[in-house]
A.B. asks: 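Below is a structure I'd like to ask you about.
Computed from a predicted structure; not experimentally measured.
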Amino acid sequence: MTPREAFGRLLRRHGPQHWWPARTRFEIVVGALLMAQTSWARVEESIRNLRRAGLLRLEDLAAADLPRLRRLVRPAGLHRAKPRRLREACRRIRAAGGLDAFLAGDPGAARRRLLRLEGVGEESADSILLYVASRPVFVVDAYTRRLGERLGWFRGGTYAEVQRWFRERLPADARLFNEFHALIVAHGKRHCRPRPRCPGCPLLDSCPHGQTQVYPARDSSKGR
DNA sequence: CACCAGGAATGTA
DNA sequence: TACATTCATGGT
């Protein structure tokens, strides 16, 4: 199955996702910074806390005091890193003249700028480029890897390699990349768990998951 | 209880 | 470069 075919099936199955789920572009950045290794529900809860506290703006977060910030975003975990990184990122974006200025220039330059922010790795940088700056950048996350591996598209590979796999097979269209990634996540949350515990997947003929063979279990002797 | 979540930084070889 | 480990909260 080609990525285009998978996209069509996912879209038919789940419908348009209207990503990124956020009220403002700045909220997307905040969400990306809080997202690492936690569930989206925890990120939403943290963002609600920030909004209720009236801190959900670049200037306010840049000036917020750390103990208060720590309390508000505590649901997102990693409390020794995320609050400080969030405030520091806001300060550097502000110093650059705001979000638009920070993301200006060619995508490569903007990406390197994002990657210099502590707490922003490749996926977060690309998510911001795609969902905030509307750049045609394919975002690779855990669900993307699982879907691709279970469909036999690729096995393992670095972030750049997986990203290139998609880029070489799809038109460089920000709207397509936006919807595709959103659909992969929406689908993955239901059907692409780390260990396939979905023998009775309801999507057998109407979604990519049904076309796959079982993904081999990870070696439990080295995990933990 | 074990495992996981829309990763990233750090350390090691 | 390529992996392994750590981070921390809350859900299943």
Side-chain angles (χ1 to χ4, degrees), chain A residues 6-7 10 14 16-22 27-50 66-67 69-89 92 111-132 137-150 154-164 166 177-198 208-209 215 217-224:
Chain A
F7 174 76
L10 289 170
H14 301 284
Q17 299 297 306
H18 311 296
W19 261 37
W20 181 297
E27 268 191 43
I28 297 177
V29 176
V30 175
L33 279 158
L34 293 179
M35 222 264 327
Q37 201 55 23
T38 190
S39 65
W40 179 248
R42 301 281 141 280
V43 174
E44 278 191 315
E45 189 180 346
S46 300
I47 289 180
R48 278 198 305 273
N49 291 343
L50 292 173
L66 229 37
L69 207 50
R70 210 173 277 126
R71 177 170 58 78
L72 294 169
V73 303
R74 181 181 134 195
L78 300 176
H79 62 262
R80 281 192 285 188
K82 284 181 179 176
R84 178 176 46 77
R85 289 170 178 176
L86 178 58
R87 189 178 71 174
E88 195 53 34
R92 292 189 43 190
R111 192 177 200 264
R112 284 188 290 278
R113 228 168 285 141
L114 285 164
L115 289 174
R116 270 183 234 126
L117 300 176
E118 213 175 322
V120 175
E122 295 190 282
E123 186 196 331
S124 299
D126 287 342
S127 292
I128 292 169
L129 287 174
L130 177 60
Y131 290 105
V132 176
V137 176
F138 198 92
V139 176
V140 176
D141 62 3
Y143 291 129
T144 308
R145 291 176 175 279
R146 279 180 216 147
L147 184 69
E149 288 178 3
R150 289 173 194 184
F154 46 80
R155 164 87 40 184
T158 65
Y159 184 97
E161 287 166 348
V162 175
Q163 186 176 51
R164 183 162 50 87
F166 284 95
F177 289 177
N178 177 322
E179 195 60 54
F180 205 162
H181 177 239
L183 284 166
I184 287 171
V185 175
H187 179 74
K189 282 182 175 177
R190 304 184 188 191
H191 305 297
C192 290
R193 314 295 300 181
R195 327 281 187 86
R197 60 187 57 165
C198 179
H209 197 194
Y215 183 57
R218 291 186 311 183
D219 182 3
S220 57
S221 65
K222 64 177 180 179
R224 211 69 25 130

A.B. asks: I need the minimum non-hydrogen distance between Y159(A) and D126(A), along with the two atoms involved.
C.D. replies: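 That closest heavy-atom pairing would be OH-OD2, 2.6 Å.
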A.B. asks: Reckon R146(A) has a side-chain N or O less than 4.0 Å from the OP1 or OP2 of dA5(B)?
C.D. replies: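 True: R146(A) side-chain N/O within range (under 4.0 Å) of dA5(B) OP1/OP2.
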A.B. asks: State which of dG6(B), dA8(C), dG7(B) makes the closest approach to the side chain of Y143(A).
C.D. replies: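 Closest of the options to the side chain of Y143(A): dG6(B).
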A.B. asks: Output every pair passing salt bridge (charged side-chain N to carboxylate O under 4.0 Å, His left out) with a member in residues 74-84 of chain A, not counting sequence neighbours, ordered by first then second residue.
C.D. replies: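 Only R84(A)-E118(A) qualify under salt bridge (charged side-chain N to carboxylate O under 4.0 Å, His left out).
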A.B. asks: Could you tell me whether K82(A) contacts a base, only the sugar-phosphate backbone, or nothing, with contacts defined as non-hydrogen atoms closer than 4.0 Å?
C.D. replies: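 Nothing: the residue K82(A), judged by heavy atoms under 4.0 Å, touches no strand.
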A.B. asks: Phosphate oxygens OP1/OP2 of dG6(B): is one of them under 4.0 Å from a side-chain N or O of H181(A)?
C.D. replies: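 Looking at the OP1 and OP2 atoms of dG6(B), neither is under 4.0 Å from any side-chain N or O of H181(A).
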A.B. asks: With sequence neighbours left out, write down each residue that passes ring-ring contact (aromatic ring centres under 6.0 Å, His included) with F180(A), or none if nothing qualifies.
C.D. replies: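 Only F7(A), F138(A) meet the ring-ring contact (aromatic ring centres under 6.0 Å, His included) criterion with F180(A).
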A.B. asks: Expressed in whole Å, how much space separates the C1' atoms belonging to dG11(C) and dA8(B)?
C.D. replies: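 Rounded to whole Å, the distance is 22 Å.
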A.B. asks: List for me each residue that meets side-chain hydrogen bond (donor to acceptor under 3.5 Å, both in side chains) alongside S124(A), sequence neighbours excluded, and say none if there are none.
C.D. replies: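 S124(A): no side-chain hydrogen bond (donor to acceptor under 3.5 Å, both in side chains) contacts found.
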A.B. asks: Name all residues meeting the salt bridge (Lys or Arg N to Asp or Glu O under 4.0 Å) criterion together with R112(A); count only those two or more places apart in sequence or in a different chain, and write none if there are none.
C.D. replies: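 R112(A) satisfies salt bridge (Lys or Arg N to Asp or Glu O under 4.0 Å) with no other residue.
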A.B. asks: Name the closest nucleotide to the W19(A) side chain, picking from dA5(B), dG7(B), dG6(B).
C.D. replies: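 Taking heavy atoms from C-beta onward, the closest nucleotide is dG6(B).
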A.B. asks: Could you give the distance separating dT6(C) and dG6(B) at their P atoms, to the nearest angstrom?
C.D. replies: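 Taking atom P in both dG6(B) and dT6(C), they lie 23 Å apart.
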A.B. asks: In whole angstrom, give the distance that lies between atom CG of L78(A) and atom P of dA8(C).
C.D. replies: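 So the CG-P distance, L78(A) to dA8(C), works out to 5 Å.
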A.B. asks: Could I get the full list of salt bridge (Lys or Arg N to Asp or Glu O under 4.0 Å) partners for E122(A), not counting sequence neighbours?
C.D. replies: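 Residues passing salt bridge (Lys or Arg N to Asp or Glu O under 4.0 Å) with E122(A): R111(A).
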A.B. asks: Show me the protein contacts with nucleotides 10-12 of chain C, counting only N or O atoms at under 3.5 Å.
C.D. replies:
residue: dG10(C); atom: O4'; partner: R42(A); partner atom: NE; Å: 3.4
residue: dG10(C); atom: O3'; partner: R42(A); partner atom: NE; Å: 3.4
residue: dG10(C); atom: O3'; partner: R42(A); partner atom: NH2; Å: 3.0
residue: dG11(C); atom: OP1; partner: R42(A); partner atom: NH2; Å: 3.3

A.B. asks: Could I get the full list of side-chain hydrogen bond (donor to acceptor under 3.5 Å, both in side chains) partners for E179(A), not counting sequence neighbours?
C.D. replies: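 side-chain hydrogen bond (donor to acceptor under 3.5 Å, both in side chains) check on E179(A) returns nothing, list empty.
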A.B. asks: Taking atom P of dA5(B) as reference, at what distance in whole Å does atom CG of D141(A) sit?
C.D. replies: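 Taking CG of D141(A) and P of dA5(B), I get 11 Å after rounding.
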A.B. asks: Looking only at atom P, what distance separates dC3(B) and dT5(C), rounded to whole Å?
C.D. replies: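 Here dC3(B) and dT5(C) have their P atoms 14 Å from each other.
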A.B. asks: Without decimals, in angstroms, what is the distance between R71(A) CZ and dA8(C) P?
C.D. replies: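 From R71(A) CZ to dA8(C) P: 19 Å.
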A.B. asks: Just list the side-chain donor-acceptor pairs under 3.5 Å for residues 37-44 of chain A, sequence neighbours left out, or say none.
C.D. replies:
residue: W40(A); atom: NE1; partner: E44(A); partner atom: OE2; Å: 3.4
residue: R42(A); atom: NH1; partner: E45(A); partner atom: OE1; Å: 3.0

A.B. asks: Report, as a single string ordered 5' to 3', how protein heavy atoms within less than 4.0 Å touch nucleotides 8-13 of chain B: B base, S sugar-phosphate only, - not at all.
C.D. replies: SS----
A.B. asks: Roughly how many Å is it from CD in Q37(A) to P in dC3(B), rounded to a whole number?
C.D. replies: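 Between P of dC3(B) and CD of Q37(A): 15 Å.
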A.B. asks: Give me the atom names and distance for the closest heavy-atom approach of C192(A) to R146(A).
C.D. replies: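 Heavy atoms only, the tightest pair is O-NH1, 2.7 Å.
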A.B. asks: Distance check needed: dG6(B) C1' versus H187(A) NE2, whole Å only.
C.D. replies: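 Atom NE2 in H187(A) sits about 14 Å away from atom C1' in dG6(B).
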A.B. asks: To the nearest angstrom, how far is L147(A) atom CG from dG6(B) atom P?
C.D. replies: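 Result: 15 Å.
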A.B. asks: Would W40(A) count as stacked on dG6(B) if the rule is ring centres under 5.5 Å and plane angle under 30°?
C.D. replies: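 By the stated criterion, W40(A) and dG6(B) stack.
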A.B. asks: Take atom CZ of F180(A) and atom P of dG6(B), then tell me their distance rounded to the nearest Å.
C.D. replies: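 These atoms are roughly 18 Å apart.
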A.B. asks: Supply the atom-to-atom distance H191(A) NE2 to L10(A) CG, rounded to the nearest 0.5 angstrom.
C.D. replies: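 If we round to the nearest 0.5 Å, H191(A):NE2 and L10(A):CG are 10.0 Å apart.
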A.B. asks: Quantified in whole Å, what is the P atom distance between nucleotide dA8(C) and nucleotide dG11(B)?
C.D. replies: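 Looking at atom P only, dA8(C) and dG11(B) are 15 Å apart.
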A.B. asks: May I have the distance from K189(A) (atom NZ) to dC4(B) (atom C1'), rounded to whole angstrom?
C.D. replies: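 Roughly 13 Å, once rounded to whole Å.
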A.B. asks: If you look at every strand shown and take non-hydrogen atoms under 4.0 Å, does S127(A) touch a base, only sugar-phosphate, or nothing?
C.D. replies: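 Nothing, no heavy atom under 4.0 Å.
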